[in-house]
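Because the structure is predicted, anything quoted here is derived from the model rather than measured. Keep in mind that the numbers below use all heavy atoms, side chains included, and drop hydrogens, waters and symmetry copies.
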Amino acid sequence: MTDTSNARPAEGEAQAPRQSRLLRLMRYLPLIAPVLLWAVPCWVLLYTGQHWPLPVTVAGTALFVLGLAAMPLAMMRGHGRRQQDRAAILGDTLLGGSWVLFTWSVLLGILLRLALTVAGVGESEDRARIVTWAVLGVSAALLSWGYAEARRVPRVRRLDVPLPRLGAGLDGLRVVLITDTHYGPLDRARWSARVCETVNSLEADLVCHTGDIADGTAERRRAQATPLATVRATEARVYVTGNHEYYSEAQGWVDLMDELSWEPLRNRHVLLERGGDTLVVAGVDDVTAESSGLVGHRAHLAGALDGADPELPVLLLAHQPKFVDRAAAAGIDLQLSGHTHGGQIWPFHHLVRLDQPALAGLSRHGVRTQLYTSRGTGFWGPPFRVFAPSEITLLVLRSPQQR
C-alpha cells in the first residue's frame, strides 16, 4: 500500500499557481482579444510576402488600426452606461466581422498556403496574394450569408420526444419553444411579429420562452416585445428569465411578460391536464439571478417543484443547459434551454462547449432526464449567424402508453 497523503498537498500546491496564472491571464483577455482579432488578419493579408504597392499597404494598415480603435470604443458606448444603439450596432458589426476575418485568415493563411506550396502553384508572392484574395472573398461571402441568416424568420425544427412517464392522455402534446430573441439596438418589431405568426401556425398546446428576451430594459424594448402578446396556445404560455434580463432590470421584464399574458415561472410550476393525465410544467430563474442582487431572484429547483406530485412527469424550463446537472439529480423528465445560440458564429461553438454540457439538440443526462437545447430564435450582438442557424422548435411529446 502506498501512502499518498504527502503527495496530494504537493500536487494541490502545484496546481494553485497554474490556476492563479490562468485567472490573471483571463483578466487581460478583453485587452488581448481585440488586438489579436485585428492584428492577425492585418499581418496575414498585408505583410506575409504579398509585396503590395506602398499606398495599398498603408491604406490597408490604416483600416485595420481604425477597426481596432473603433470596435472597443463603440462597444463601450453601446453596451456601457451610455447605451447608445448606433454605437452598439457599429461595435457589434465590427466584432462579428473581425471574428470571421480572423478565423479565415488563420485557416486559409495556413492550409491554403500549404496546399499551394505543395502543388507548386506560382511564386511565393503569387501564393501570398491568392491567400489574401481567398480570405477576403470567403469572409465577405460568409458575412453576407450570415447576416441574412440572422435577420430571417427562423425555420421550424420539429422533433418527437418520448417521455416514458407521460400519460396517454397527453400523447401528442405540442410544445413550441422560442428563446434568446434578444430584441436590441437593431429594431426588429416586424421580425418579432412574423416570428409570432409562425408560432401561431404551429397550433401549440404550450408555448415556452426560455429567456434572454432582449438587450436593454423592458421600457426601452417594449415595441419589439409587444407582438409576443399575439402568441396563441391552447393551454399556457410560460416564460423564465435568462442571464441578459439580469443586465437590464430583470423584474421589469417579468412584469412586462405578465402584462402580455405570459406566465412567468419564477421557481414555481403549473399543472397541465388533458385526457385524465397531468404534466408538471416548472421553471426556474437563470443561474446568474442570485448574483444580480435582486431580492428573491435565484435558481431554486426545490421551490419550483414544491407541492408537485413526485410521480408526475416534469417539463422544466431553465435558460442555461448547465442547469441539467441539478435537473437530473431531481429526476426531471425533460429540460428546455437556450443560451448557447449553437455557437452563433463558427467556430465559437468550441468556446461555448467549455461552459455548457450541450450545444444544440436533444441529449440525455442521467437515468431519466433529457435536455433539449435550442440554437435560439434571434441573435446576440453581431448580426450574423454562420453555420449556426436560428430555430423555432416544435416538440411533440410522446407517451409509451399512447392510445
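Side chains of L95 and M75 form a contact here, defined as non-hydrogen atoms less than 4.5 Å apart. When side chains are defined from C-beta on, D277 does not count as touching L166, because their heavy atoms never get closer than 4.5 Å. Proximity of W99 to F348: side-chain heavy atoms (C-beta onward) are separated by under 4.5 Å at one or more points. Within the 4.5 Å cutoff, no side-chain heavy atoms of T210 are placed close to those of S374. Taking the side chain as every heavy atom from C-beta outward, L394 and V175 never approach each other to under 4.5 Å. Between L46 and F64 the shortest side-chain heavy-atom distance falls below 4.5 Å. Looking only at side-chain heavy atoms (C-beta outward), L397 and L279 come within less than 4.5 Å of each other. Using a 4.5 Å heavy-atom cutoff, the side chains of T103 and W346 are in contact.
Smallest separation of non-hydrogen atoms from T369 and A328: OG1-CA, 3.2 Å. Shown here for L336 and C208, the closest heavy-atom pair between the two residues is CD1-SG, 4.2 Å. The two atoms that bring A282 and V314 nearest to each other are CB-CG1, 4.4 Å, heavy atoms only. Counting all heavy atoms, side chain and backbone alike, L68 lies closest to P34 at CD1-O, 3.4 Å. Contact detail for A218 and G252: the closest heavy-atom pair is CB-O, 3.6 Å. Across every non-hydrogen atom of A233 and A236, the tightest pair is CB-O, 3.3 Å.
Annotation: E249, atom CD; neighbour count of heavy atoms from other residues, nucleotides and ligands within 6.0 Å does not exceed 12. The number of heavy atoms from other shown groups lying within 6.0 Å of CZ (R364) is above 12. Heavy-atom contacts from other residues, nucleotides or ligands closer than 6.0 Å to CD of Q84 number more than 12.
Q335 and S337 are linked by a side-chain donor-acceptor pair at a separation below 3.5 angstrom, with hydrogens and angles left out of the test. Judged by distance alone, the side chains of D180 and H244 never bring a donor and an acceptor atom under 3.5 Å apart. D325 and H365 share no side-chain donor-acceptor pair at under 3.5 Å. Inspection of the H209 and T181 side chains reveals an N or O donor paired with an N or O acceptor under 3.5 Å. Inspection of the S192 and Q224 side chains reveals no N or O donor paired with an N or O acceptor under 3.5 Å. T340 and R353 share no side-chain donor-acceptor pair at under 3.5 Å. Side-chain atoms of E203 and S201 form no donor-acceptor pair, as typed in the model, at a separation below 3.5 Å. Neither side chain, Y247 nor S292, offers a donor N or O lying under 3.5 Å from an acceptor on the other.
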For this session: Walk me through it: do D285 and R298 pass the test salt bridge (charged side-chain N to carboxylate O under 4.0 Å, His left out)?
Result: CA-CA 6 Å; D285 292 340; R298 59 173 177 147; over 6 Å; no
For this session: For side chain to side chain donor-acceptor pair (under 3.5 Å), just list the numbers for D92 and H79, CA-CA rounded to whole Å, side-chain angles, deciding distance to a tenth of an Å, and then say yes or no.
Result: CA-CA 10 Å; D92 292 341; H79 297 287; 2.9 Å; yes
Exercise. Hey, mind stepping through L206 and V176 against side-chain contact (heavy atoms from CB on, under 4.5 Å) and telling me if it holds?
Worked result: CA-CA 6 Å; L206 175 69; V176 170; over 6 Å; no
Exercise. Can you list the steps and then say if Q50 with T48 is a side-chain contact (heavy atoms from CB on, under 4.5 Å)?
Worked result: CA-CA 6 Å; Q50 290 88 345; T48 52; 3.2 Å; yes
Problem set entry | side chain to side chain donor-acceptor pair (under 3.5 Å) evaluation trace for S390 with R155 | CA-CA 7 Å; S390 55; R155 300 177 187 91; over 6 Å; no
Problem set entry | Pair L256-W262, side-chain contact (heavy atoms from CB on, under 4.5 Å): steps then yes or no | CA-CA 9 Å; L256 178 58; W262 286 67; over 6 Å; no
Exercise. What do the steps show when you test Y239 against L317 for side-chain contact (heavy atoms from CB on, under 4.5 Å), and what is the final call?
Worked result: CA-CA 8 Å; Y239 154 75; L317 276 61; over 6 Å; no
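The backbone N or O of V295 sits nowhere less than 3.5 Å from a side-chain atom of Q251 that would complete a donor-acceptor pair. At distances below 3.5 Å, not a single donor-acceptor pair connects side-chain atoms of R266 with backbone N or O atoms of G283. No donor-acceptor pair under 3.5 Å is formed between the side chain of R326 and the backbone N or O of L301. A donor-acceptor pair is defined here as one N or O able to donate and one able to accept, closer than 3.5 Å; such a pair exists between the side chain of D187 and the backbone of A189. Checking side-chain atoms of S291 against main-chain N and O of T288 turns up a donor-acceptor pair under 3.5 Å. Side chain of R237 to main chain of S261: a donor-acceptor pair is present (N/O by atom type, distance under 3.5 Å, no hydrogens or angles). Not one N or O on the side chain of T373 forms a donor-acceptor pair closer than 3.5 Å with the backbone of A360. With hydrogens and angles disregarded, no donor-acceptor distance shorter than 3.5 Å links the side chain of D306 to the backbone of R268. The backbone N or O of A69 lies less than 3.5 Å from no partner atom in the side chain of W38, so there is not a single donor-acceptor pair. In this structure, the side chain of D171 does not engage the main chain of A168 through any donor-acceptor pair within 3.5 Å.
Ion pair E125/R129 flagged as a salt bridge, since at least one NZ, NE, NH1 or NH2 atom sits closer than 4.0 Å to an Asp/Glu carboxylate oxygen. With salt bridges taken as basic N to acidic carboxylate O contacts below 4.0 Å, none links D205 and R174. Using a 4.0 Å cut-off between charged nitrogen and carboxylate oxygen, R152 and E149 count as a salt-bridge pair. Taking the charged nitrogens against the carboxylate oxygens, R165 and D333 do have a contact shorter than 4.0 Å, which makes a salt bridge. Salt bridge status for R385 with E391: absent, with no side-chain N to carboxylate O gap under 4.0 Å. The residues R220 and D85 are annotated as salt-bridged, a charged nitrogen and a carboxylate oxygen being separated by less than 4.0 angstrom.
Aromatic rings from H297 and Y246 are positioned such that their centres are separated by under 6.0 Å. Taking the six-membered ring for Trp, H341 and H182 have ring centres closer than 6.0 Å.
Aromatic ring pairs are classed by plane angle as parallel below 30°, tilted from 30° to 60° and perpendicular above 60°; the pair F387 and W145 is tilted.
In this structure, OG1 on T132 lies 7.0 Å from CZ on R113, to the nearest 0.5 angstrom. How far NE2 of H350 is from CG of L359: 9.5 Å, rounded to the nearest 0.5 Å.
Screening T179, N243, D286 for a side chain to side chain donor-acceptor pair (under 3.5 Å) with H339, the sole residue that qualifies is N243. Among V161, L272, L315, the single residue meeting the side-chain contact (heavy atoms from CB on, under 4.5 Å) criterion with L173 is L272.
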